[in-house]
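Input: a single structure, listed below in structure tokens.
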Amino acid sequence: MTLDITDLKVTIGGKEILRGVDLTLTAGRVHGLAGESGSGKTMTGLAVLGLLPHGSRTAGSIRLDGRELLTLPPKELNKVRGGEVAMVFQDPATSLHPMLTIGRQLTEHMRHHLGLGRAEAKARAVELLGKVRIPGPEEAYGRFPHQFSGGMRQRIAIAVALACSPKVLIADEPTTALDVTVQAGVLRLLRGLCDELGLAVLLVTHDLGVMSAVADEVSVMKDGLVVESGPRGRVLREPAHPYTRALLDSLPDAELDPAESGTPKSGTPESGTAKSGTAKSGTAKSGTARSGTARSGTARSETANSGAAEPDAEAR
Amino acid sequence: MSLLTIDDLVVEHRSPGRPVVRAVAGASLAVAAGEVVGLVGESGCGKSTLARAVCGLNPVTGGSVAFDGQPVTPLGLRRRKLTGIQMVFQDPYASLNPRRRVGDQIADGLRTAGDTTTAPADLLERVGLPRDFAGRHPHEFSGGQRQRIAIARALAARPRLLIGDEPISALDASAQSQVAKLMRDLAVESGAGLLFISHDLSVVRLIADRIAVMYLGRIVEVGRTAEVWAEPRHPYTKALLGAIPKPDGMGVLPAELPGDVPDPANPPAGCRFHPRCPLVMDVCREKEPDFGPVACWLHEPK
């Protein structure tokens, strides 16, 4: 158990944003956090790093290897932020400083947290750039963010987050601003790094497809509460909570429709294997990833149309 | 006779000290009245430039854009006769005037169409907003509401062709499909054509009758939505659709398309997709496939 969030409550300006969230992140596993906007996904991520907006009040506990983060004095918390817990934000165009070279942005916190010298830090930065598959890491070190494409920038943002070998990585909608083809690359990278470095990843996303691709565990949030939590295979194939079902129904993807309406049990055998082969199947996954040809379902947009966009009504 | 005919359109961006960037390099597309055409592609492929050229916001270097058989003239300072094309822009935070009431801004559109019977509030009602919002200013609204107002303003001018240039990408995930469907319903209801540009394939699939896939300034595949979705023919379309992760709970990582989009200032010789294409052949490196509906040597029309 790397990071334990128990009964986390956040109040901003008298309004309860989180009403008792429980989450557990484990090393080498990706924990997906789903839910519509305003359900408190991002706030949960920010609370871990103590980045909540001014005037917010917290209760409950967030424990990193047994250490309480919520009550940590700011100086101690600064050692955790960027050091032990790192974050990747949604938009790489705004999360990177436009006027500093990416080398500078990669080494600044490394030198501070790890106390590295200039040359050491540079060597490590170049190594990291290679790890996130930036072509020509040596030359890339001295370039500015605008010289890279969106997908590259997000890779660099991930490299910045990984620079101090964190134990926990919080990725807040890391692929939302990217094209699907680029998204595929970033997701593969995240999954690979998680398996390779034993990171505990909290993946905040509204995209259940993304969730299904990389997360081991899935939690669904609604109105500041986790309404359902469990292994990916179960939550996405046999959702227990009506809200999760409504979320899945609202997707335009036709593949889910027959499973939902006609034969709900047909998916069970596969989901069993999906459950068992979670954490260590990173390599097996990439082998079976040619999913494009399997997409046989045609546009059943009428049914998707009617079921979309109103998950609230069904949940009540 | 289609409403909008784009024929071999070429648009170049020139900036001093830089090579000429050919953002749209010979694209052809047609939109009929009452039809919804979705234009998809990766960022930087020239989708938005194409849309702006159709409105006359970007000068055209070559080819032609014809609306109702009449060529579209560049937009200047002078009053324009052509008000049949209206556009909804990407960012409603920038496209609405922050200092004017939204009712007044919608009234501009009504005046353009010479419409004296409709009130701005009627249009607000059509896009699903309360009537009394007409007296408010844009900052009082959320992103989704602002985009609805922008749509109302575009519709006020009674367009016969509505163009949405990534109208949903600045919105919250939950508002995206609602706004997209609203645009479709309103356009089809009024008998107008809709050219909907987006990089979000799942939304385009929901609302479009036909899909056009664009890659590096060229349209590589056009077809009916259901057909393209069920049986993509161009390798790029295949890659694009294969990259969408499916929420099936199986933990399958989506297929990755290797490489980045090449620099449009210096496109590869031959087929533009060949450096990234998994099925590349010798002919692809030499000759550019300039035929439709699938611009690929594997699908050459006989």
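Below, chains carry the letters A, B, ... as their sequence lines are ordered, and counting in each starts from 1. Just so you know, these numbers use all the heavy atoms, side chains as well, and skip hydrogens, waters and symmetry mates.
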Q. How far apart are the C-alpha atoms of A:T181 and B:L240, what are their side-chain angles, what is the distance that settles it, and do they pass the side chain to side chain contact (heavy atoms under 4.5 Å, CB included) test?
A. CA-CA 6 Å; A:T181 46; B:L240 213 54; 3.7 Å; yes
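Legend: residues meeting salt bridge (Lys or Arg N to Asp or Glu O under 4.0 Å) with B:R184, ordered by chain and number and at least two apart, are B:D209. By the salt bridge (Lys or Arg N to Asp or Glu O under 4.0 Å) test, A:K41 pairs with no residue at all, sequence neighbours left out.
In this structure, the side chain of A:R188 engages the main chain of B:P254 through a donor-acceptor pair within 3.5 Å.
Contact between A:S212 and B:M250 at its shortest, heavy atoms only, is OG-N, 3.8 Å. Of all non-hydrogen atoms in A:R191 and B:L253, the two that sit nearest each other are CG-CD1, 4.0 Å. Nearest approach of A:V210 to B:P245, heavy atoms of both residues: N-CG, 3.6 Å.
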